[in-house]
K.L.:
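Sharing a structure below in structure tokens format, with a few things to ask.
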2 protein chains.
Amino acid sequence: MRALVVEDNTQAAEQISHALTEHGFAVDQCHDGEEAWFIGDTEEYDIAILDIGLPKRDGLSVLSDWRRNGNKMPVIILTARDTWRERVTGLRAGADDYLIKPFEMEELLARVEALVRRSNGHASSVLSAGSLQLDTATQRATLAGTHLDLSALEYRLLAYLMNRQNQVVSKATLTEHLYQMDFEHNSNVIEVLVNRVRKKLGTTHIQTRRGQGYLLNADE
Amino acid sequence: MRALVVEDNTQAAEQISHALTEHGFAVDQCHDGEEAWFIGDTEEYDIAILDIGLPKRDGLSVLSDWRRNGNKMPVIILTARDTWRERVTGLRAGADDYLIKPFEMEELLARVEALVRRSNGHASSVLSAGSLQLDTATQRATLAGTHLDLSALEYRLLAYLMNRQNQVVSKATLTEHLYQMDFEHNSNVIEVLVNRVRKKLGTTHIQTRRGQGYLLNADE
DNA sequence: TGGTGACTGTAAGGTTGTTGTAAGCTAAGG
DNA sequence: CCTTAGCTTACAACAACCTTACAGTCACCA
């Protein structure tokens, strides 16, 4: 899962990013409207957190431009306490949810969770694929009932694959979704990572499609 | 457990806060309706004690606004003796319980206890996780029958974890729930605290999920 | 008032798990 | 049987976490 955090206050941006990272997201930040508009239009994110009051370009106009270009990613806007009109126009401009600053990080996480789930078309917080289960709320993975001890990154990989079970996911896509954007792509991290996960899962769940990518078998 | 005390009489507020603190809560106070509405909407509490007669904004309207925004935290309202109509409207507005002033502190504590327990979905006042037991009424913890000598903070940590056993709880969440809101987040308090608790519990009960948080093992 | 002891936050240094890199190896597919 | 994509392993660097000692604070008591 990749998230974009647009917030000019770097400290706040950092806090949000950190929280999201802890919850299994790979986060990119940007700090003004111009940058936000560009990045949001060129990169692919699973969710965006967008502050409305931004330098260079207003968050609302950025958002409506995204939508005009057909970008459907879930967007949560952040507004100040007493500018409820912003919220209304924000929702009209295509925001999926809003939060009033200052807010609890947990609140943000919960809404992010809910949105991502909704946009993936899953109702509950438990993802399953055959004997594999993943509770995104408690961040635990189980295989046929027994708990799996996964590292943060391994968990992210599995979560991503389970969100698209039976689909072939290329290594490039995986790198894009698991890492920050400034990551250099020419290495075998993904292969190594898949290897580590397979050691814990058994080899059957994640299949390799040579030249195309990996896929998670939904009925194993 | 975090509690919010809304009461304009500062002395009373102080008394209540004190009692709750002694019972293992981290307490925030506020003294008028405006503030209450805002804080209750932005921070996350496990319970709120809400006086009805408040300056700036009436407690009942604050409460119904909280509920309108989907805030489901348990709320106990405080009313004067002869204003029974307030109580009715209060309960309608979404209060979970009420108390008539003046009241016994113990009475308040008992109801707070009961509500928190109910909202966590536990019937009795004893939480258990494997060989660990925690009696929230008497505030005592036992490990395989023998009493554990925990400090107030240590008790709170354990209580919080036991309320979410087998779930990964991030350090950020812990800081938010164990401390007042004005606490600076960049220190290793939680690590130190966990260390202290582990020394008394043994190391197996609280596991660390590196990069994600801690979790209390339900069957140890 | 001043002493005592428990409780907590801070800081510093040690330890350990995670993760990217690189190098050699396997096997798919022509 | 050769090429190439992917597998596997070992290793080093780093961040996350642990541990400890210390100092400030507070309540309690003489």
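Reminder, nothing fancy here: chain letters follow the sequence lines and each chain counts from 1.
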K.L.:
For A:Glu191 and C:dG24, what is the distance between atoms CD and P respectively, to the nearest whole Å?
P.N.:
17 Å
K.L.:
Let me know the distance between CG of B:Asn188 and C1' of C:dT15, rounded to the nearest Å.
P.N.:
15 Å
K.L.:
Under 4.0 Å between a side-chain nitrogen and a carboxylate oxygen: does that hold for B:Arg209 and A:Asp149?
P.N.:
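Looking at B:Arg209 and A:Asp149, the cut-off is met.
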K.L.:
Return the residues of residues 192-204 of chain A meeting this criterion: a heavy atom under 4.0 Å from some atom of DNA chain C. Order them by number, or give none.
P.N.:
A:Val192, A:Arg196
K.L.:
Side chain of A:Leu153 only, please: which of C:dG9, D:dC7, C:dG20 is the nearest?
P.N.:
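Nearest to the side chain of A:Leu153 among the choices is C:dG20.
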K.L.:
Return whichever of A:Ser151 or B:Asp149 has its heavy-atom-nearest nucleotide of DNA chain C closer to the 5' end.
P.N.:
B:Asp149
K.L.:
From B:Asp51 CG over to B:Asn9 CG, what is the distance, rounded to the nearest 0.5 angstrom?
P.N.:
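Atom-to-atom, B:Asp51:CG and B:Asn9:CG are 8.5 Å apart.
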K.L.:
Nearest whole angstrom, please: distance from the P of C:dT8 to the CG of B:Leu150.
P.N.:
10 Å
K.L.:
Tell me the interatomic distance from A:Leu178, atom CG, to C:dT18, atom P, rounded to whole angstroms.
P.N.:
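Taking atom P of C:dT18 as the reference, CG of A:Leu178 is at 17 Å.
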K.L.:
Measure from CD on A:Gln207 to P on D:dC7 and round the result to the nearest Å.
P.N.:
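Atom CD in A:Gln207 sits about 12 Å away from atom P in D:dC7.
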K.L.:
End-to-end bend of the helix from C:dT1-D:dA30 to C:dG30-D:dC1 (five-pair axes, 10° rounding)?
P.N.:
30°
K.L.:
Separation of B:Glu154 atom CD from C:dT8 atom P, in whole Å?
P.N.:
7 Å
K.L.:
Salt bridge or not for B:Glu35 and B:Lys56, using N-O below 4.0 Å?
P.N.:
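Judged by the 4.0 Å cut-off on N to carboxylate O distance, B:Glu35 and B:Lys56 do not form a salt bridge.
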K.L.:
Establish, yes or no, whether the cationic atom of B:Arg156 lies under 6.0 Å from the six-membered ring centre of B:Tyr160 and within 45° of the ring axis.
P.N.:
no
K.L.:
Nearest whole Å is fine: how far is D:dC7 P from A:Ile206 CD1?
P.N.:
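Computing the A:Ile206:CD1 to D:dC7:P distance gives 10 Å.
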K.L.:
Just checking, is any N or O donor in the side chain of A:Gln29 or A:Glu14 under 3.5 Å from an acceptor N or O on the other one?
P.N.:
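Per modelled atom types, A:Gln29 and A:Glu14 side chains form a pair under 3.5 Å.
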K.L.:
Think A:Tyr179 has a side-chain N or O under 4.0 angstrom from the OP1 or OP2 of C:dT19?
P.N.:
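Checking A:Tyr179 against C:dT19: no side-chain N or O falls below 4.0 Å of OP1 or OP2.
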K.L.:
Is any side-chain N of the basic residue among A:Arg164 and A:Asp46 closer than 4.0 Å to the acidic one's carboxylate O?
P.N.:
yes
K.L.:
So does B:Ser187 get a side-chain nitrogen or oxygen closer than 4.0 Å to the phosphate oxygens (OP1/OP2) of C:dG9?
P.N.:
no
K.L.:
Is any side-chain N of the basic residue among B:Glu43 and B:Arg2 closer than 4.0 Å to the acidic one's carboxylate O?
P.N.:
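Yes, charged N to carboxylate O under 4.0 Å.
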K.L.:
Would you tell me if any nitrogen or oxygen in the side chain of B:Tyr214 comes within less than 4.0 Å of OP1 or OP2 on D:dC18?
P.N.:
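Yes, such a contact exists.
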K.L.:
Check this for me, if you would: do B:Glu7 and B:Lys101 make a salt bridge, where the nitrogen-to-carboxylate-oxygen distance has to be below 4.0 angstrom?
P.N.:
yes
K.L.:
Answer with yes or no whether the side chains of A:Arg198 and A:Thr208 bring together a donor and an acceptor at under 3.5 Å.
P.N.:
yes
K.L.:
Write down the distance between CZ (B:Arg156) and P (C:dC7), rounded to a whole number of angstrom.
P.N.:
13 Å
